[in-house]
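Below is one structure, written out as structure tokens; comments come after it.
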Number of protein chains: 2
Amino acid sequence: MPAQRERILACACELYLETGLPGFSMRKLAKNVGVTAPALYRHYDGKENVLADVVREAYQAYQGYVYRALQASTPIERFFQAGEGYLDFALEHPRWYKIMFSSPERLGMKELPDDIEAMGCGVHQFWIDRVRECMQVGILKEADPLQTALTMWAHAHGMILLYHQGFFPMDREEFQSLFEKSGARMMSGFATSSFAGQLEELYMEDQTVPQV
Amino acid sequence: MPAQRERILACACELYLETGLPGFSMRKLAKNVGVTAPALYRHYDGKENVLADVVREAYQAYQGYVYRALQASTPIERFFQAGEGYLDFALEHPRWYKIMFSSPERLGMKELPDDIEAMGCGVHQFWIDRVRECMQVGILKEADPLQTALTMWAHAHGMILLYHQGFFPMDREEFQSLFEKSGARMMSGFATSSFAGQLEELYMEDQTVPQV
DNA sequence: CAGGCATGTGAACACTGTAAACATAACCTC
DNA sequence: GAGGTTATGTTTACAGTGTTCACATGCCTG
């Protein structure tokens, strides 16, 4: 990757993380690089390709948070550490999380590049693998790992998006606790009876039923 | 509500549903209304206020799909009919669904208007009520209705968004079936043992475990 | 040294949201 | 009915957007 293209990409990431998608413009990017806007087009074929590379960087950052869980020694540890990494990433880098799951039209393209789409599927595949190995050691009930992983992923994704969009007003710590409890409750539905007991303890602790 | 403002809003909804947010411009809107762009500013104080009204229309359409479930006679029927309405709405009107949950910055504002934020909370509250009455009749285990509703809502929301963004490539029918199974499996974790049995039947039918 | 290539700039085009100045028609009061 | 006010539109204009074209510069190679 040529040096100048790399510099542009670095500035693009910085600009996006600062201003978000609506504030991201080729002219601002050019100014940050120290160059005029048309010069960018020598290195990038349009804004959408710059953004595509930003998305790729986002996935790379994501992997740094989640993949280290693979170093843990048991399936259950790998699962929970990965979940922790997932949440940490989403909360510490909301803009990166958002752009990973942005619709193509929002990035100015009709379809996502194939490799990015594959990265998205890779996220799914990762969770399928975590689920499958938990089934193999008898922590999760035997079932379709794809569906189970999908259910869990969708739950986490939905909670994070609703939180980011301010649908439940609470601070990060409170949300984190809610996220864990909610995840544990959902997981207990998939767990074998022996493991479900341990999970119960997680979310049954302050079982005050508030009136809303 | 003045007649002309109403016409503008109608055209705005039509334009948004056709082109999506990136294709939505005040000049196109003006042309559709049959007027020049600055004329719109006599009736709307800027693009963001037009979009805010479009969001309000989206919520109204949403309610038409979901609230008729309240006519059913038992909590469980109300719950499932509402869920069906929710999914139908999201699949038949993806653009309306998307704009309901769009972040404020995407609509060009720093914060959502209070009434729109309240509508979002209303969606949550509706599900809390459905969950609570299912607990009261002994279909769901006694627990915090807020948390339980949140878990279910986040799951549904996440699945729909991931589907809309093309993360699992399947047609609508296939997704609908997946959605129902996934929802039933999750729900069985919250169900009382007597009710969990019925749910098992829903998602256990074709329990082929495909290799992915 | 000459030529070619990589890389930049400036000007321009078609858009965007929005504001200011101006026009017109409806209506209300004297 | 005359005059003034108000509602509603248009024209023009400005700043900003993505992008393209024509041109300039400098470096590397033959």
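In the text below, chain A, chain B and the rest are named by the order of the sequence lines, each starting its count at 1.
With hydrogens and angles left out, the side-chain atoms of B/Q147 and B/T151 include no donor and acceptor closer than 3.5 Å. Donor-acceptor pairing under 3.5 Å is lacking for the side chains of B/Y65 and B/E84.
Only at 4.0 angstrom or more do the heavy atoms of residues 99-110 of chain B sit from any atom of DNA chain D, so none qualifies. Of the residues in residues 5-36 of chain A, those placing a heavy atom less than 4.0 Å from an atom of DNA chain C are A/R27, A/V35, A/T36, in numerical order.
More than 12 non-hydrogen atoms from other residues, nucleotides or ligands lie less than 6.0 angstrom from CG of A/D171.
Pairing each heavy atom of B/C134 with each of B/F79, the nearest pair is SG-CB, 4.0 Å. Considering every non-hydrogen atom in both A/L51 and A/L107, the closest pair reads CD1-O, 3.8 Å.
Looking at B/K28, its side chain does come within 3.5 Å of a backbone N or O of B/G23 through a donor-acceptor pair. A side-chain donor-acceptor contact under 3.5 Å links A/R7 to the backbone of A/V33. Proximity of a side-chain donor or acceptor of A/Q165 to a complementary backbone N or O of B/S103 within less than 3.5 Å is not detected.
From B/Y16, atom OH reaches atom CG of B/L21 across 5.0 Å, with rounding to the nearest 0.5 Å.
Note: A/Y86 and A/Y62 meet the aromatic proximity criterion, with ring centroids under 6.0 Å apart.
Of the two residues near DNA chain C, B/R42 and B/E48, the one whose nearest nucleotide lies more 5' is B/E48.
Qualifying ring-ring contact (aromatic ring centres under 6.0 Å, His included) partners for B/H43, counting only residues two or more places apart in sequence or in other chains: none. Annotation: side chain to side chain donor-acceptor pair (under 3.5 Å) contacts of A/Q60 (sequence neighbours excluded): none.
A 4.0 Å heavy-atom criterion places the boundary nucleotides of DNA chain D facing chain A at D/dT17 to D/dC23, written 5' to 3'. When DNA chain C is scanned in the 5' to 3' direction for atoms under 4.0 Å from non-hydrogen atoms of chain A, the outermost contacting nucleotides are C/dT7 to C/dA12.
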